[in-house]
Amino acid sequence: MKKVWIIVFGLACLGLNAQKKWSLKECVSYAVEHNLQVIQNQYNKQSQDANLKIARKGYLPSVSAGMNNSVSFGQLSLGTGSIRNDRFSNSANLGADVLVYNNGRLEKNVRKAQFDVEASQYDIETIKNDISLQIAQQYLTALLNKEIVKISQSAVENAQKQFDRAKITTQVGTTAQTVLAEAEAALAREKQNLKTAEVDVGRALFAIAQLLQLPDYKGFDVEDVIVPEGLDPQLQSADEVLATAYEIQPQIKAAESRIRSAETQTEISKTAFWPTLTASAGISSFYNNILNGGVATSTQPGFFQQYKDNFGQSVGLSLNVPIFNKGITKLQVEQSKINESLAKVTLEQQKQTIRQNVQKAQFDADANYETYLAAIESEKSTKLALEFADKSYAAGRTTIYDVNVARNNYANAQGSVAQAKYNYLFSLKLLSFYAGIPLSL
């Protein structure tokens, strides 16, 4: 009995999972958390974080310890002769050194690492934004295709009614067989259109599942969002959106951080022209044991006594003044300045890309709004024409072919309204996104 309940519960969970419909917010949140490109850049940022920690550690002294053991056997030259020299030696030392001066190289290394961390974080935000925009576009495409499915379903229902009526009138002999054939053909066309619309919905949902990198796209669906019929015109100008976008968009901030990083690298390269002052301190001691010959082994001080007697300390300052290194430092500075120029060009490229995107979104918004208004008028007129065609056909003044033409025109007009509406809505969302407003429906 327990196994039966486990199976039932598992099937219920599967059913709930299959029925889940994703909101735009859920899609975006899932994508930016699981996308492999985002994860890859997060590792890159972790690497930059490690570089920053390494740069900060440069202020600390370097400490090292060493121990040496050696044994020697054989004769040792002494004047014109030699003596036996078998001995064991041991020495130990502990030393530390710290950079005292190099024209601020340590501070500049830290500053450059900070700029690199900032740029890597902005790279992550840029990728997240790109993914979010792609998902929003596909999400609206899925909603558009769902609306077209509803339009097609309504057209199929009307065509089915027309066919049923034509079938009855043909059977009783009030209409010719051609009327029934035309009604049947019209129904088949509408069913084909409906199937095409349903496939387009599946294609749009598949595209979203691919962006989410879901392992299984089957059963994936999105929430139905009610889009208002009346849409207001876009009032914010492209220049206003651009002014905000230049200040907040992460790709701009990343490029600016890389400019500062390149400038700091130039300063770091210039420190090689300056002297380097290093302070050091150390302690050491040693032990010698003559194995035979010379002083008797028994009269030699012990290990710890020798270490105590031979204990020594040292402090020092080391000054390294660069004089000539084949012009390498000068060339490195020139390379850094070239990288500065490249970083500045990259910033201009990013600004140009954003400017083009915003201007295109503004143009599309204006054009799509005008198209939307025109499509609404066309929908009204074709709907009225369809009503007249239905009444005329019922009165026997027009043919079923005229009714089908009117119905096709109305369905096309409805599709044009939906297309223009969602295109305009995406243009508005794109402009709002560049203006710093989060994506939502």
A.B. asks: Can you tell me if Gln192 has over 12 outside heavy atoms packed within less than 6.0 Å of its CD?
C.D. replies: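 No - once you tally the heavy atoms of other residues, nucleotides and ligands closer than 6.0 Å, there are 12 at most.
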A.B. asks: Can you confirm whether the side chains of Thr271 and Asn103 place a donor and an acceptor under 3.5 Å from each other?
C.D. replies: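 No, Asn103 and Thr271 have no side-chain donor paired with an acceptor closer than 3.5 Å.
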A.B. asks: Would you check, one step at a time, whether the test side chain to side chain donor-acceptor pair (under 3.5 Å) holds for Tyr422 with Glu147?
C.D. replies: CA-CA 10 Å; Tyr422 282 98; Glu147 190 161 331; 3.1 Å; yes
A.B. asks: Side chains of Glu118 and Tyr122 only: does a donor on one sit below 3.5 Å from an acceptor on the other?
C.D. replies: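 No pair is found: no donor N or O on one side chain lies under 3.5 Å from an acceptor on the other.
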A.B. asks: Tell me whether Glu184 at atom CD has more than 12 heavy atoms from other residues, nucleotides or ligands lying less than 6.0 Å away.
C.D. replies: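 Not buried by this count: 12 neighbours or fewer within 6.0 Å.
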A.B. asks: Closer than 4.0 angstrom, basic N to acidic O: yes or no for Lys146 and Glu223?
C.D. replies: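 Salt bridge between Lys146 and Glu223, a charged N being under 4.0 Å from a carboxylate O: no.
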A.B. asks: Salt bridge check, Lys195 against Glu198: does any charged N sit closer than 4.0 Å to a carboxylate O?
C.D. replies: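 Salt bridge present between Glu198 and Lys195.
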A.B. asks: In this structure, are over 12 heavy atoms from other groups packed under 6.0 Å from Phe388 atom CZ?
C.D. replies: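 Counting other residues, nucleotides and ligands, CZ of Phe388 stays at 12 neighbours or fewer.
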A.B. asks: Should Phe311 and Ile283 count as side-chain neighbours, where that means a heavy-atom distance under 4.5 Å?
C.D. replies: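 Yes, at least one pair of side-chain atoms sits under 4.5 Å.
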A.B. asks: Are there more than 12 heavy atoms of other residues, nucleotides or ligands under 6.0 Å from atom CZ of Phe363?
C.D. replies: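 Count not over threshold, so no.
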A.B. asks: Let me confirm one number: the CG-CZ distance from Leu211 to Phe206, rounded to the nearest 0.5 Å.
C.D. replies: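 One gets 10.0 Å once the value is rounded to the nearest 0.5 Å.
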A.B. asks: Using 4.0 Å as the upper bound for N to carboxylate O, is an ion pair formed by Lys45 and Asp123?
C.D. replies: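 Salt bridge between Asp123 and Lys45, a charged N being under 4.0 Å from a carboxylate O: no.
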A.B. asks: Looking at Tyr307, I want to see if its OH is surrounded by more than 12 non-hydrogen atoms of other residues, nucleotides or ligands under 6.0 Å.
C.D. replies: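 Buried by this count: over 12 neighbours within 6.0 Å.
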A.B. asks: Check whether more than 12 heavy atoms from other residues, nucleotides or ligands sit under 6.0 Å from atom CZ of Phe273, and answer yes or no.
C.D. replies: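 Yes, the 6.0 Å shell around CZ holds more than 12 heavy atoms from other groups.
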A.B. asks: Taking NZ, NE, NH1 and NH2 as the nitrogens, is one of them in Glu125 or Lys253 under 4.0 Å from a carboxylate oxygen of the other?
C.D. replies: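 No.
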A.B. asks: When you check the gap from the basic side-chain N to the acidic O, do Asp164 and Lys161 get nearer than 4.0 Å?
C.D. replies: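 Here Asp164 does not pair with Lys161 in a salt bridge, since their nearest N and O are not under 4.0 Å apart.
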A.B. asks: With the threshold set at 4.0 Å, does a side-chain nitrogen-carboxylate oxygen contact exist between Asp116 and Lys112?
C.D. replies: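 Looking at Lys112 together with Asp116, the answer is yes, because their closest N to O distance falls below 4.0 Å.
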A.B. asks: Less than 4.0 angstrom from a charged side-chain N to a carboxylate O is my criterion; do Arg111 and Glu267 meet it?
C.D. replies: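 Salt bridge flag = yes for Glu267 with Arg111.
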A.B. asks: Looking at every non-hydrogen atom in both residues, tell me the closest pair between Asp364 and Ser427 and how far apart they are.
C.D. replies: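 Taking every non-hydrogen atom into account, CB-OG, 3.4 Å.
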A.B. asks: Distance to the ring centre below 6.0 angstrom and angle to the axis at most 45 degrees; does that hold for Lys20 and Trp22?
C.D. replies: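 The answer is yes; both the distance and angle limits are met.
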